[in-house]
Amino acid sequence: MAWIAERATIVEGKCWLWQRATVNSGYGKLRKNGEWWLAHRYIYTICKGPINPLHIVRHSCNNKLCINPEHLCTGTYQDNLFD
């Protein structure tokens with residue numbers, strides 16, 4: 001995961017801000033093995049495992065550029081609206 005330090009501003013215990021490409025909605029994006037990913041979804045997958053197809057990856061910090069695995073969790077769109 002050393003490559004993350006090259007692509008994000010990391011502050012211990014706080015948000016890890018993605019510093020590379022973004023999509024129009026403001027989320028980070030990256031390309032791995034020829035496939036485009038939203039950065040937070042990719043980090044969630046490599047750190048915590050597969051994402052339930054019925055869920056989204058939510059940011060507990062409400063920061064779209066954050067890729068800190070401690071700030072990422074899955075849930076439904078409804079869960080996200082309640083946050």
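- Atom-to-atom distance recorded for I67:CD1 and L65:CG is 9.5 Å, nearest 0.5 angstrom.
- Under the side chain to side chain donor-acceptor pair (under 3.5 Å) criterion, T45 pairs with no residue at all, not counting sequence neighbours.
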Give every donor-acceptor pair under 3.5 Å between a side-chain atom in residues 46-58 and any protein atom, sequence neighbours left out.
unit_1	atom_1	unit_2	atom_2	d
K48	NZ	P69	O	2.8
K48	NZ	L72	O	2.7
N52	OD1	L54	N	2.7
R58	NE	D83	OD2	3.1
R58	NH2	D83	OD1	3.1
R58	NH2	D83	OD2	2.6

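- For the atom pair SG (C15) and CG (N68), the distance works out to 7.0 Å, reported to the nearest 0.5 Å.
- Counting only residues at least two apart or in different chains, salt bridge (Lys or Arg N to Asp or Glu O under 4.0 Å) contacts with residues 60-74 are absent.
- Sorted by first then second residue, the salt bridge (Lys or Arg N to Asp or Glu O under 4.0 Å) pairs that include residues 14-29, not counting sequence neighbours, number zero.
- For D79, the side chain to side chain donor-acceptor pair (under 3.5 Å) criterion is met by T76, not counting sequence neighbours.
- Y27 belongs to a hydrophobic cluster whose remaining members, ordered by chain and number, are V23, L38; membership requires side-chain heavy atoms of ILVMFWY residues under 4.5 Å apart, directly or through intermediates.
- Taken to the nearest 0.5 Å, the NE2 atom of H40 stands 12.0 Å off from the CH2 atom of W18.
- Residues meeting the side chain to side chain donor-acceptor pair (under 3.5 Å) test with R41, sequence neighbours left out: none.
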